[in-house]
Amino acid sequence: MNIYEKCVQSAEYIKTLADANGAIGLILGSGLGPVGDLLTDKTVIPYGDIPNFPVPKVEGHAGELIIGNLEGVKVICMKGRFHFYEGYSMQTVSMPVRVMKLLGIRALIVTNAAGGVNRDFSSGNLMLIDDIINFMGDNPLVGENVAEFGTRFPDMTNALSPELKDLARKCAKDLGIDLREGVYMAFRGPNYETPAEVRFAKFAGADAVGMSTVPEIMVARHASIPTIGISCITNMAAGITGAELSHEEVAETANRVFNEFKSLVIELVKNI
Ligand code: HPA
């Protein structure tokens, strides 16, 4: 079975349980998982039940697709995502985005936790992803082009939707949120970057570094899904303050800004 056929099979199974046509896709990064619990009239589908879907391996990352209403708007949430550092291929990591496309999503919101490279940022800031740098050493679009989704050589000028970026700025302003903006550079992980790599990232034009999101954004762009990305700067990247990094710090900050992050995502969902 090729990638397209596998995605069709996954989508067909999901369609027997819930209708996500016209929904907004939401990929909930570290700490944002509880947003999935806010949905009403929801159908919860464990990843393990979906044919061809991989199952996440990282503790603390639940693996459920949740279809329902968020403040009256139909959404389909990925609670828990797949990471390249877990050993999955880039195609596998991004496959759920293609399934969501087949289910009929009209926009995609991707979220993550990231390390701040830009010294004007501080831990706890939210950052609108203006652009991305794929530094993962691989690419989800490699291999035979899946023409059912898009073209062989997709343009990445507007990988993140300019209209949705404007909307995010407006939503943040309305909510009184100090939304930063910048370039998100993805490393493969799973280790946090070295201080030298962070200096390199800064030199390359990055404002934040992380280990996810880029494959999903690339596949979404290939499939012409209007996409927006928001990072939670959970820590300053290695070498910036001299402090050592830990997953505990990342989780703690993500929890601290959960309410703000959640309100921004909800405001976006209501206005897209
Ligand atoms: N680097 C990479 N990924 C991350 C970081 C970081 O500093 N913080 C949260 N996710």
Side-chain angles (χ1 to χ4, degrees), residues 26-35 56-62 78-88 90 93-94 109-138 140 160 179-218 228-262 264-265:
L26 258 176
I27 302 183
L28 304 173
S30 306
L32 261 196
V35 167
K57 302 167 186 170
V58 185
E59 307 123 65
H61 292 253
M78 279 185 72
K79 187 173 174 185
R81 61 142 63 86
F82 306 103
H83 298 89
F84 193 36
Y85 63 71
E86 292 175 271
Y88 300 113
M90 288 283 250
V93 165
S94 54
I109 303 175
V110 286
T111 63
N112 62 34
V117 172
N118 185 330
R119 287 174 185 269
D120 291 338
F121 292 174
S122 25
S123 164
N125 278 157
L126 298 180
M127 184 191 88
L128 174 63
I129 301 179
D130 184 46
D131 202 352
I132 52 172
I133 298 176
N134 177 14
F135 197 63
M136 296 183 118
D138 202 343
L160 286 309
L179 181 64
R180 304 305 180 94
E181 293 190 29
V183 172
Y184 175 89
M185 180 171 183
F187 285 71
R188 181 168 191 176
N191 58 290
Y192 294 114
E193 301 71 27
T194 65
E197 286 166 345
V198 171
R199 289 193 296 274
F200 170 73
K202 182 176 168 56
F203 182 68
D207 297 288
V209 285
M211 308 175 196
S212 66
T213 307
V214 159
E216 291 105 318
I217 290 174
M218 294 176 69
I228 185 162
I230 314 272
S231 294
C232 174
I233 306 297
T234 50
N235 56 283
M236 293 311 286
I240 301 242
T241 67
E244 289 194 7
L245 275 51
S246 70
H247 183 62
E248 287 67 38
E249 181 193 3
V250 168
E252 216 173 275
T253 311
N255 285 338
R256 178 161 58 84
V257 292
F258 172 76
N259 279 324
E260 197 175 65
F261 207 171
K262 179 191 74 179
L264 181 58
V265 167

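Numbering of ligands and ligand atoms starts at 1, following listing order. Heavy-atom basis, side chains included; hydrogens, waters and symmetry copies ignored.
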Show me the side-chain donor-acceptor pairs of residues 123-134 shorter than 3.5 Å, one per line, residues at least two apart or across chains.
{"unit_1": "Ser123", "atom_1": "OG", "unit_2": "Thr234", "atom_2": "O", "d": "3.3"}
{"unit_1": "Asn125", "atom_1": "OD1", "unit_2": "Ser122", "atom_2": "N", "d": "2.7"}
{"unit_1": "Asp130", "atom_1": "OD1", "unit_2": "Lys165", "atom_2": "NZ", "d": "2.9"}
{"unit_1": "Asn134", "atom_1": "OD1", "unit_2": "Met136", "atom_2": "N", "d": "3.1"}
{"unit_1": "Asn134", "atom_1": "ND2", "unit_2": "Asp138", "atom_2": "O", "d": "3.0"}

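For Arg199, the side chain to side chain contact (heavy atoms under 4.5 Å, CB included) partners at least two apart in sequence or on another chain are Pro195, Ala196. Evaluation of the salt bridge (charged side-chain N to carboxylate O under 4.0 Å, His left out) rule for Glu216 yields Arg81 as partners, not counting sequence neighbours.
Residues Pro215 and Phe84 fail the side-chain proximity criterion, which asks for heavy atoms closer than 4.5 Å.
Heavy-atom minimum distance, Ile233 versus Ala208: CD1-CB, 3.9 Å.
Protein residues having at least one heavy atom under 4.0 Å from any atom of ligand 1 are Ala113, Ala114, Gly115, Tyr192, Glu193, Val209, Gly210, Met211, Thr234, Asn235, Leu245, Val250, listed by chain and number.
Using a 30° and 60° split on the angle between ring planes, Phe200 and Phe135 fall in the tilted class, from 30° to 60°.
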